[in-house]
Amino acid sequence: ACTGPAPDDANVEWELTTTTDAPSGDIDSYSWVSYAEPFSLDYAYAFDYSDNQVLANVCESLLRLNPDYTLSPGLAESFEHPTPETWVYTIRDGVTFHDGTALTAADVVASMNRHLDPAVGSSWYSVYQNVVSIEQTGEREVTVTEAIPDSQFNLAMGGSAGVVESAATLEAAGADYGNSTGGVNCTGPFSLEEWKSGESITLARYADYWDDSLRAKSGEVEFLFMNDATARVNALKSGEVDGGWMIPYDAIGQLETSGVGDLHFGLSTAVSSLIVSNLDGPLGDPRVRTALLMALDRQGIVDAAAKGYGDVTNVLTTESVWVGASDTALESAFGQLTEYPYDLEEAKRLVEEAGAVGEEITYATAPISSDFGIIAQATAAAAESIGLKATIETVTPNAYTALFADPSAREGIDLFYTVWYLSSPDPLEMYSVLRTGEFSNYGGWSDPDFDRIVNEAIAIEDPAARSEKTAEAQRIANEQLPWLPLFTSPTTVFVGERITGVAPSIAFLYYPWAATVGAR
Amino acid sequence: MTLLDIDRLTLDLPHGTRLLDGISLSVAAGETVGLVGESGSGKSLTARSVLGLLPDRAATGGSVRLQGLEVLGAAQRDLLELRRRSAAMVFQDPRAGINPSRTIGDHLTEAMRLGERRPTAEARSRAVELLGAVRMPRAAEHLGQHPHELSGGMLQRIMIAGALMGSPPLLICDEPTTALDVTTQAEIIAVLAEQRATRGMGMLFITHDLNLAASFCDRIVVMQGGRILEQGAANAVLGDPRHPYTRRLVAATPTIELGEPAGAGPAGPGPAAESEPMLVADSLSKTYHPKGRSPVRAVAEASLTIPRGGSLGVVGESGSGKSTLARMIVGLEQPDSGGIRVDGRDRRALARSRSDRLAHARSVQMVFQDPYLSLDPRIPAGRAIEDALRLHRRLSARDARDAVVDLLDRVGLEERHAQARPRTLSGGQRQRVAIARALAVEPDLLVLDEATSALDVSVQAQVLDLVGRVRQERGLTVLFISHDLAVVRRVCDETVVMRQGEIVERGPTARLLRSPAHEYTRLLLASVPRPRPRTSPEQIGAV
Amino acid sequence: MAGKLGGLLLTLFLASLLVFFSRFLVPGDPVSFLLRGRKPSAEAVAQVTAQYGLDLPPWQQYLNWVIGMLQGDFGRSLQYRQEVATVIGERLPVTLGLVVMAGAMIAVVGLAGGIVAALNRGRVADRLVLIGLTTLGAIPSFVGAIVLIAVFAVQLGWFPSFGSGDGGLDTVYHLVLPSIALAIVFVVLVGKVTRSSMVDQLDREHVEVATSRGLTRATVVRRHVFRNALGPILTVTGLLVAGLLVASSIVEAAFGLAGIGSLLVQSVDRLDFPVVQAIVLLVVFAFVVVNAIVDLLEPWVDPRSAAGAGAR
Amino acid sequence: MTATPTLAVEVLRAPRVRRANTTFVVSMAVVGVMTLAAILAPFVAPYPPEQVDLGAVHAAPSAAHWLGTDALGRDLLSRLIYGARTALLGPLLVVVSSTVLGILLGLVAGWRGGWLDAVLARIFDVVFAFPSLLIAIMAVALFGKGLVAPVIAMSIAYAPFVARLTRSLVAAERSRPYVAAYRVQGFGAPWIAFRRVLPNVTPIVGAQSTLNFGYVLAELAALSFLGLGVQAPTADWGAMINEAQAGLIGGYFLPALVPALAVVVAVVAVNVIGEELSDRIGGEIPA
Ligand SMILES: Nc1ncnc2c1ncn2[C@@H]1O[C@H](COP(=O)(O)OP(=O)(O)OP(=O)(O)O)[C@@H](O)[C@H]1O
Ligand SMILES: Nc1ncnc2c1ncn2[C@@H]1O[C@H](COP(=O)(O)OP(=O)(O)OP(=O)(O)O)[C@@H](O)[C@H]1O
Ligand SMILES: [Mg+2]
Ligand SMILES: [Mg+2]
Ligand code: NI
């Protein structure tokens with residue numbers, strides 16, 4: 001019979017780990033599987049799991065984002081904040097690019113200035129939106145001047161926005177920089193060895209790497225790209241590849257018991273939520289938003305879409321990004337929230353009260369992964385169950401991407417799903433997005449109090465003090481539901497029998513995680 | 001010793017149809033046995049069984065002995081040996097019988113090279129030798145050619161040469177000349193006769209042409225429906241047929257023997273010289289420009305006149321332009337130059353309007369060669385006639401039906417045939433329907449383009465009688481096209497002879513046959529097989 | 001021959017028009033993909049549009065495109081920010097390998113099946129082969145791929161489940177399962193054409209003549225039946241090639257192969273027009289070339305066609 | 001006697017002496033049942049096809065769910081039954097419209113001949129160079145996903161096949177004496193073409209088109225599988241396989257296997273029928 005294992009309606013168990021066993025020694029090479037090939041390794045376009053998980057090992061930023069989401073010095077051995085508008089970075093000495101040339105302040109200036117160049121069209125432009133100038137102000141000193149105080153700029157220097165590339169290489173490669181022909185020339189523990197288009201990227205240990213603590217424990221890492229989830233899991237199960245991030249939920253149970261390696265759960269900053277993109281429709285009424293969230297059997301969704309590997313949440317951030325927050329802030333941010341329990345009766349009542357019965361909402365989705373489909377259909381079913389009419393509009397993954405970029409693409413769309421992760425260790429990254437008029441405030445939600453609180457917070461230098469303000473913002477969002485939070489789920493990583501040493505954390509997007517992996 | 005001895009041969013299909021029923025015949029060395037009978041009577045099946053070429057999963061009974069060896073049930077190996085050494089067959093259609101993708105040389109030599117594993121050079125020299133023997137000029141050059149580059153007559157010589165490669169004591173010829181025209185047929189028969197004489201082969205010769213059988217064979221076997229009706233010496237069987245069927249066959253076979261009165265001769269009102277002729281064709285020419293080949297001059301400066309009620313025969317070998325002439329007259333083809341007048345009206349202008357078209361149709365109608373293809377397969381006979389009727393006359397449904405029945409009756413069919421689809425009708429019946437359909441339009445002139453060539457002799461006789469009768473009743477003017485002089489003789493007052501698009505001779509039919517003026521007419525006449533008492537084989541058919 | 005060549009070039013030209021101008025019907029803006037869902041500044045949009053020549057009038061874009069292609073410049077991929085020629089060039093070998101291997105399997109299995117069926121016309125073997133081929137032909141490649149992986153890669157572990165290997169024999173080894181998945185659907189076409197073409201020839205009189213001359217059955221089948229039946233088989237093969245190239249998209253996706261098929265589907269989805277246009281044109285070109293070859297072989301298979309006589 | 005080539009239509013109406021053909025009968029039954037199921041879906045399906053039950057996700061076959069449920073707890077049997085609608089309707093539309101379009105074009109090309117024939121032949125060649133799946137993918141890019149764009153695209157993609165067959169049949173038919181006979185009788189060309197020649201070629205063309213049904217069914221399913229065809233949550237066999245793929249990793253085979261088998265069985269059945277029909281009709285494609 002072809003019935004498969006019994007449905008996991010019992011809550012599955014998992015445990016977050018921060019690190020895996022230390023490697024017993026070096027290993028010649030190992031392979032790693034990813035769901036997609038990077039389009040480019042140009043840091044200016046590295047904005048996705050597929051490119052960042054490779055790039056993080058090759059190119060380094062001014063600051064380093066650690067697996068616990070703290071920031072520590074990177075290519076800048078220190079930074080100063082002499083005035084609210086300026087950031088001064090002291091560039092580390094003795095660092096060389098993979099071609100052997102030395103890192104200079106000029107390289108830093110050239111790399112950062114690319115984000116401001118319209119011809120480049122950097123994906124990280126928003127980090128630089130307040131930047132007025134980036135200048136070399138000393139032999140090893142670079143000064144960034146901003147138009148207004150911005151605590152977030154420096155926090156972003158641990159990500160791709162802070163990557164430093166050799167100015168000479170940028171010049172030489174021109175338009176081909178970062179693609180499989182032009183390649184990259186950075187300072188990370190690995191250098192780009194080979195790029196077999198569509199199939200694999202091989203990284204090789206960079207022998208002259210400056211930081212001995214992160215010297216690569218393997219001679220080579222081969223990244224293999226497999227779009228097909230089944231193919232990926234099959235490759236892991238058969239031992240054809242040694243590991244991979246972001247295991248499909250459907251396969252977690254199998255891989256845990258497969259005996260060919262270990263599955264680890266780690267820190268995540270991502271929250272799965274529904275973006276309300278049209279406040280002129282029925283969802284403009286907070287009661288209807290509340291009703292919809294209450295009509296969603298979120299635990300059921302976690303079980304169906306994430307196979308139980310997740311927790312229902314009522315806010316849009318995870319505790320992991322509240323680095324440096326005060327205890328009071330944490331208590332206020334997570335302790336006294338409005339819960340939205342599954343309650344159809346109450347939900348129906350709210351919809352009736354709002355007079356929204358029979359109104360229509362349109363939900364956009366795309367065939368990206370199975371959870372997209374499941375959540376789409378569960379949401380539509382929930383909306384129907386409280387008297388709304390729901391239509392699902394399926395678009396291409398590309399058109400789906402356009403929902404996030406192009407207001408005209410969102411016309412007629414009320415709701416869509418996102419897994420929103422934060423790249424810097426500060427919840428403000430999330431809430432600054434929801435201010436009135438912000439590009440990513442897709443529904444045009446507006447709350448003057450919220451705007452004021454967030455703006456105040458951004459200007460605050462001290463993380464603890466800032467976190468208290470941010471907690472206030474989080475509470476407003478929790479009540480107003482500009483987006484409907486669904487659940488958080490952990491970062492997953494699978495390591496095969498041959499290797500160990502990876503730190504399970506979503507920081508794999510920016511931290512040279514592959515360097516710590518060695519023989520088991 | 002008899003070469004071939006077939007004894008009570010039966011052949012049944014898997015689901016029980018009996019195709020051959022108790023066939024017994026024998027061929028002695030040096031003897032030629034003719035196998036005659038209507039289409040479908042089992043001639044080919046009998047011949048093929050000699051070589052063990054039986055229909056898939058057919059059951060056989062009786063025996064077939066070739067040089068004393070039993071063919072039925074023989075082991076594959078013995079069968080191959082028999083085919084290589086004891087007997088060979090010449091097939092009806094040489095164009096279908098020679099692989100179009102391979103060269104002539106390949107066709108001739110492959111049995112020797114692959115079957116008997118003889119060296120290529122030896123096989124080639126034998127092939128060249130035999131091509132010479134069947135009177136192919138420049139034999140060696142032909143070896144590299146492909147079948148499509150050669151004429152039907154040449155291909156049949158090649159087929160014969162191929163059959164002779166293994167010097168078989170028995171040669172089976174299955175209608176070897178049916179696909180060819182008269183003059184070529186005569187040449188092929190001559191070749192066969194010569195080979196028979198020089199090699200002393202026994203021969204089983206299949207034909208449906210009694211004249212040919214009579215002229216070529218020592219003995220004749222008459223078949224019908226899978227059975228043998230009678231057999232005996234050629235002269236005896238044809239001169240004094242015993243079986244009624246044979247008698248009918250003999251009677252129906254047209255001959256060009258002189259002295260005999262013309263069958264259905266000119267009957268209607270005699271040619272009226274004073275009134276304008278029904279058809280005047282004035283120096284018609286037509287040249288085709290086929291893609292990728294040189295232009296073909298199908299008809300060149302041909303002029304014809306048929307008086308009202310007259311009948312004109314057009315004869316000539318295949319490709320001489322007869323059909324093209326007919327098609328121009330009925331308007332299926334536009335002449336390059338020249339004029340056509342039917343009943344005093346110019347017929348050359350292209351019919352543009354509906355009334356033009358109908359007027360055209362009423363002046364000339366045509367009956368086509370192939371009864372199987374000239375009727376729309378989906379349309380019942382009555383409906384076909386009715387369509388034609390109602391196109392030209394406003395008729396109520398009832399009147400139309402009556403008219404159809406009347407027409408059917410006139411061509412000797414019954415009312416029940418009105419419902420029949422062409423498939424369920426025999427060839428002769430179909431041709432009657434076609435004639436009835438043509439008559440429905442009440443044309444001034446009827447063109448019959450080889451209207452009987454596709455039919456069996458007995459059926460052909462019926463149709464010819466019908467044409468004669470209609471002429472008589474209606475005073476119809478007829479243009480009769482045929483390659484068969486004997487047939488023309490039965491129908492036509494006057495005849496023209498065509499060759500390569502030109503009219504080479506014209507005159508009253510009787511005179512033409514008696515004293516042909518043009519050498520081509522003489523050749524045509526000489527090519528017609530005539531039964532005559534045999535003296536020695538060499539004489540027969542030699543032109 | 002010159003006329004035929006002209007016709008094929010005309011086909012290519014018409015196809016290029018179709019391919020190029022169809023994209024102007026597409027709703028959506030390729031630039032929005034280039035800027036990958038991020039907040040673009042107005043200048044950035046303008047700059048990028050100009051970089052890719054998207055601001056020119058359509059006919060001018062077409063001219064640039066055609067002239068570029070004639071010089072071997074296929075434009076730049078929007079998604080990979082790379083020369084299209086490079087992007088395709090890197091993926092073409094895999095697809096070609098796949099198509100060649102699948103083609104070989106189709107030829108072997110299809111021909112064998114067709115021949116066996118034709119020679120046993122009406123018997124059990126014929127029915128079995130026909131039903132077998134029909135069933136195979138009904139298995140969509142995506143289903144075939146899933147099953148093959150599940151059975152031969154995962155369960156039995158005989159073949160790798162992904163990737164194209166390190167070249168040479170290893171690549172052949174890697175491409176075995178994908179080629180089978182790709183071949184499955186097409187085998188039936190070749191099989192059936194072979195069968196009907198052979199059956200048609202078996203009934204021809206020249207076959208009987210050859211038999212009557214004492215040639216063995218095998219010789220007759222080889223030299224007279226099969227050889228003459230090749231025409232339609234070649235024609236179908238010619239039509240197959242383009243189909244194989246496109247169908248490879250499904251198989252490549254399932255086996256994680258980087259070929260131009262999966263690239264095509266992905267590029268369509270991402271509005272990466274330069275790549276889509278180049279691949280479509282490549283497919284058309286392959287079709288044209290293969291059919292030109294089939295045309296060239298025609299006189300060899302059927303000498304009558306050389307003379308321009310109507311073949312029958 | 002010269003062998004006379006028999007007309008296709010004659011064979012069609014020839015008495016059938018063949019033995020009862022079990023595969024054919026079974027295929028007819030299968031297609032019949034599927035068609036009935038599609039038409040009567042609301043009455044025979046035990047559940048609404050889109051009814052989500054997160055409490056019964058991936059349920060094994062049971063009395064309540066004969067074939068079990070999928071990743072959203074939807075009843076597989078019901079989805080299979082409803083899925084027959086798009087699965088059969090799409091190919092039907094394609095076959096009908098491509099046949100109509102192809103016959104018209106083929107008739108014009110075959111009847112008129114000359115430059116028109118040459119131009120049409122060139123256009124067909126261009127379309128031939130685009131595999132139908134490619135045209136469908138392009139159409140989806142142009143007009144969006146769903147059933148409409150692929151159906152239109154495939155109708156266009158398949159029409160040349162029909163047209164070419166029709167063209168050669170009509171061209172062969174046009175040179176037959178019976179057509180000349182109609183001309184001589186004074187019938188107009190359009191009447192002969194539409195009233196007489198067309199009915200004579202349609203049976204063969206129709207039988208051949210039936211064979212396209214299977215291909216189109218499989219191709220539309222492939223398109224849905226690629227996520228470009230019928231969209232969720234509509235039950236469609238291809239889309240069902242697509243959705244069920246994720247479950248395969250977890251060992252849930254039924255949700256993918258059931259629609260996959262349905263596709264295979266439907267295609268085989270339709271092909272058997274098509275072949276049998278064209279066999280009976282003697283639909284030999286002229287070279
Ligand atoms: N392979 C076969 N399978 C079934 N029936 C056959 C086969 N070959 C011949 N027949 C049938 O056997 C009968 C005799 O056929 P045959 O070919 O011997 O006739 P024939 O006298 O040679 O006629 P024709 O003058 O037309 O050549 C016909 O009714 C024919 O349909
Ligand atoms: N449509 C055509 N295109 C090219 N050539 C043609 C065409 N029709 C006839 N011909 C050629 O014109 C010549 C005369 O043909 P036609 O059919 O008139 O001869 P025929 O005397 O009727 O021969 P048969 O006795 O074989 O019927 C032949 O060489 C033939 O090949
Ligand atoms: Mg015969
Ligand atoms: Mg003629
Ligand atoms: Ni089972």
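In what follows, chains carry the letters A, B, and so on, assigned in the order in which the sequence lines appear, proteins first and then strands, with residues in each chain numbered from 1.
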Checklist entry - Relative to chain C, which of B:Pro147, B:Ala87, B:Gly166, B:Ala163 shows the most heavy atom pairs under 4.5 Å? => result B:Ala163
Checklist outcome for this item: Of B:Arg85, B:Met159, B:Arg57, the largest count of non-hydrogen pairs under 4.5 angstrom with chain C goes to B:Met159
Item to check | Exam field: side chain B:Arg138 to backbone B:Glu141, donor-acceptor pair closer than 3.5 Å | outcome: no
Checklist entry - Relative to chain B, which segment of C:Arg227 carries a heavy atom at a distance below 4.5 Å: side chain, backbone, both, or neither? => result side chain
Item to check | Side chain, backbone, both or neither of B:Arg48 within contact of chain C (heavy atoms, under 4.5 Å) | outcome: side chain
Item to check | Closest-packed option against chain C by number of heavy-atom pairs under 4.5 Å, given B:Arg95, B:Arg84, B:Met112, B:Arg77 | outcome: B:Arg84
Checklist entry - Of the non-hydrogen atoms in C:Gly261 and C:Ser249, which two are nearest, and what is the gap between them? => result O-CB, 3.1 Å
Checklist entry - Within the distance-only criterion (no hydrogens, no angle test), does the side chain of B:Arg102 pair as donor or acceptor with the backbone N or O of C:Arg223 below 3.5 angstrom? => result yes
Item to check | For the student: nearest non-hydrogen atoms of B:Leu131 and B:Ala161, plus distance | outcome: CD2-CB, 4.0 Å
Checklist entry - Non-hydrogen atoms of chain C under 4.5 Å away: do they reach the side chain of B:Glu110, the backbone, both or neither? => result both
Checklist entry - For the side chain of C:Glu205 and the backbone of B:Pro94, is there at least one donor-acceptor N/O pair under 3.5 Å apart? => result no
Checklist entry - What is the distance from atom CZ of C:Phe226 to atom CD1 of C:Ile233, rounded to the nearest 0.5 Å? => result 5.0 Å
Checklist entry - Side chain, backbone, both or neither: which part of B:Ile98 has an atom under 4.5 Å from a heavy atom of chain C? => result backbone
Checklist entry - Hey, does the side chain of B:Arg83 reach the backbone of B:Leu51 with a donor-acceptor pair shorter than 3.5 angstrom? => result yes
Checklist entry - Under a 4.5 Å heavy-atom cut-off, does chain B meet the side chain of C:Ser212, its backbone, both or neither? => result both
Checklist outcome for this item: From the list B:Leu114, B:Leu79, B:Thr103, B:Val90, the residue making the most non-hydrogen contacts under 4.5 Å with chain C is B:Leu114
Item to check | Pick from B:Gly162, B:Pro168, B:Gly52 with the largest number of heavy-atom pairs that fall under 4.5 Å of chain C | outcome: B:Gly162
